[in-house]
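Working notes, beginning with the structure itself.
None of these values were measured; they are calculated from a predicted model.
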Amino acid sequence: MESGLDTWIKGASLSFKGMPLFMYINFDEFSINTEQLELIIKQQAIQIDERICLLLCLLIENYPGHCNKQVCLEHIWPDTVVSDMSLSKLVSAARKTFKRAGCKVAIIQTVHGRGYRLSQELGRQLANSQQIPITANPTQDIHAVDKLIEDGQADSSSLTSKFARTRHKLDKLAHDWPRVSIIFFSITVSFLVLYALLSTHSFDRYLTASHEGHSVIDEQAIIYSEAADAIGRVLWIDDHPENNSREREYLRGENIGVYSTTSSREALLLISLYQYDVIISDMGREEDAIAGLKLLEQMRDLGIEIPFYIYTLNATDELIAKVTSSGGQGVAVDSGNLFRQVMTHFDTQ
């Protein structure tokens with residue numbers, strides 16, 4: 001009887017764009033044929049973009065770690081100059097492809113500010129079925145080969161092939177280490193500069209108050225809207241924040257930090273700087289009657305999956321359906337309905 005390890009060794013001899021992988025990668029709900037570029041779900045084969053397949057294979061190879069954006073760009077678009085937006089659009093397209101095919105499980109997890117990771121559920125399924133062909137540490141691969149030799153669980157050709165692949169990975173790591181060090185140093189310096197900038201009162205004042213028609217975030221809101229032991233954060237976007245002051249006060253009373261801003265542009269800036277559990281937005285702002293809906297669609301296109309609610313005066317069936325299809329969680333017209341939906345995302349016990 002062939003063991004799971006024997007199957008793993010044979011499967012690892014296949015490759016996809018230079019990466020050792022199975023021709024079929026099987027999950028509980030679907031399978032991926034890396035040779036034919038097909039998604040097999042509910043006994044139907046659906047053609048998928050080669051770049052989506054490349055992305056998924058890269059995330060599988062690096063799980064449980066994440067792949068930073070630069071690694072993804074270099075692997076999927078080699079010798080081509082593309083921006084981070086191309087990668088965001090590809091991630092969004094991958095999610096939509098699986099969702100349209102009827103897949104209910106999350107596929108790709110966004111690691112904010114760093115890159116992307118295979119979802120924990122898919123990683124668990126791969127681990128349970130012993131399909132992850134590469135360990136997170138190349139040194140562990142060498143020890144694994146030595147153990148196989150001692151136990152006699154693989155023939156010499158398989159061991160030689162596996163050792164050669166591992167040695168190639170180690171050589172590549174040694175070759176790329178100077179560049180990796182420079183990137184790491186640059187990231188560290190960037191974080192230090194950003195921290196120093198965020199520590200200044202002038203930047204806080206820019207982020208949180210409203211002055212002469214230009215949306216900024218009130219310094220008092222940043223300092224005093226969140227208790228040290230707050231159970232979570234809400235970002236509230238409304239060009240007339242005075243209309244929902246009681247609602248925001250209620251959330252603060254529930255020990256939830258509330259951040260306010262008046263524009264979608266600044267909302268996206270805040271999301272890139274802070275972690276939020278829920279987004280609440282009005283529907284229309286200034287001359288744009290569907291500003292809230294546009295913000296929702298822009299967030300989902302960027303791979304931002306934070307729960308999103310529209311708080312408006314009139315919730316038609318058409319609006320509710322549009323918000324749901326765009327990836328939003330709900331629409332509310334009164335504070336009671338809003339609180340019932342929003343509080344499900346917080347542990348109030």
Side-chain angles (χ1 to χ4, degrees), residues 28-29 92 95-96 98-99 102-112 117 119-124 221 224-238 241 243-261 264 267-268 270-285 290-349:
D28 293 352
E29 200 172 331
S92 178
R95 288 169 171 156
K96 289 178 180 178
F98 280 81
K99 186 175 181 180
C103 181
K104 297 180 181 179
V105 68
I107 304 298
I108 300 172
Q109 176 187 355
T110 300
V111 183
H112 294 293
R117 176 192 293 123
S119 72
Q120 292 183 356
E121 175 60 24
L122 292 189
R124 181 188 63 78
Y224 300 111
S225 67
E226 179 180 338
D229 59 345
I231 63 175
R233 286 177 177 168
V234 167
L235 176 60
W236 200 310
I237 306 101
D238 194 320
N243 293 341
N244 49 63
S245 57
R246 292 184 179 180
E247 289 88 340
R248 286 184 282 123
E249 199 59 40
Y250 171 84
L251 292 175
R252 292 190 183 100
E254 293 294 322
N255 205 22
I256 297 172
V258 181
Y259 288 59
S260 299
T261 187
S264 297
L268 292 173
L270 280 172
I271 291 170
S272 70
L273 296 175
Y274 302 100
Q275 181 176 350
Y276 296 97
D277 300 286
V278 174
I279 306 292
I280 303 174
S281 174
D282 55 356
M283 184 59 178
R285 287 192 291 277
I290 57 172
L293 187 59
K294 288 181 178 178
L295 174 60
L296 168 61
E297 293 177 340
Q298 188 175 5
M299 286 174 54
R300 295 304 185 249
D301 286 342
L302 292 172
I304 302 172
E305 302 295 336
I306 304 172
F308 192 103
Y309 293 91
I310 295 286
Y311 190 38
T312 185
L313 296 175
N314 184 23
T316 63
D317 292 339
E318 292 78 7
L319 174 59
I320 295 174
K322 181 61 177 175
V323 169
T324 301
S325 65
S326 298
Q329 277 58 51
V331 179
V333 296
D334 59 74
S335 57
N337 187 17
L338 178 67
F339 296 147
R340 280 192 295 273
Q341 297 184 75
V342 168
M343 295 306 294
T344 61
H345 300 281
F346 299 98
D347 183 7
T348 57
Q349 299 298 322

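Of all non-hydrogen atoms in Leu295 and Ser264, the two that sit nearest each other are CB-OG, 3.7 Å. When every heavy atom of Glu254 is checked against every heavy atom of Ile231, the shortest pair comes out as O-CD1, 3.7 Å. Across Pro307 and Asp277, no two heavy atoms sit closer than the pair CD-O, 3.3 Å. When all heavy atoms are compared, the tightest approach of Ser281 to Gly292 is OG-CA, 3.6 Å. Heavy atoms only, all atoms of each residue included: Ser260 and Arg248 are closest at OG-CD, 3.4 Å. Of all the heavy atoms in Arg117 and Val111, the pair that sits closest is NH1-CG2, 3.7 Å.
A 4.5 Å side-chain heavy-atom check between Phe346 and Val234 finds at least one atom pair inside the cut-off. Counting heavy atoms from C-beta on, the side chains of Ile271 and His112 never come closer than 4.5 Å. Side-chain atoms of Glu247 and Ile280, non-hydrogen and from C-beta on, never get closer than 4.5 Å to each other.
The structure places CZ of Phe339 at 13.5 Å from OG1 of Thr344, a figure rounded to the nearest 0.5 Å. Taken from CD1 in Ile306 to CZ in Arg233, the straight-line distance is 11.0 Å, to the nearest 0.5 Å. Interatomic distance, CD1 of Ile290 versus CE of Met283, reported as 6.0 Å (0.5 Å rounding). In this structure, Met299 CE and Ser92 OG are separated by 12.5 Å, a value rounded to the nearest 0.5 Å. For the atom pair OH (Tyr276) and CD1 (Ile304), the distance works out to 11.5 Å, reported to the nearest 0.5 Å. Remark: Leu251 CG to Ser335 OG distance equals 10.0 Å, nearest 0.5 Å.
Annotation for Glu305: atom CD counts as buried by contact number, over 12 foreign heavy atoms lying within 6.0 Å.
With salt bridges taken as basic N to acidic carboxylate O contacts below 4.0 Å, one links Lys322 and Glu297. Salt bridge Glu249/Arg246: absent, no basic N to carboxylate O contact under 4.0 Å. Between Asp301 and Lys294 there is no salt bridge, since no side-chain nitrogen of the basic residue lies less than 4.0 Å from a carboxylate oxygen of the acidic one.
Screening Val278, Val323, Ile279, Leu235 for a side-chain contact (heavy atoms from CB on, under 4.5 Å) with Phe308, the sole residue that qualifies is Ile279.
The backbone N or O of Ile107 lies less than 3.5 Å from no partner atom in the side chain of Arg95, so there is not a single donor-acceptor pair. A side-chain donor-acceptor contact under 3.5 Å links Glu29 to the backbone of Lys104.
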I would like to know whether Gln329 and Gln341 meet side chain to side chain contact (heavy atoms under 4.5 Å, CB included); could you show each step before the answer? CA-CA 8 Å; Gln329 277 58 51; Gln341 297 184 75; 5.9 Å; no

Test side chain to side chain contact (heavy atoms under 4.5 Å, CB included) on Thr312 and Leu319; report intermediate values, then the result. CA-CA 10 Å; Thr312 185; Leu319 174 59; 4.1 Å; yes

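Classification of the Tyr259-Tyr274 ring pair by plane angle, with boundaries at 30° and 60°, yields tilted.
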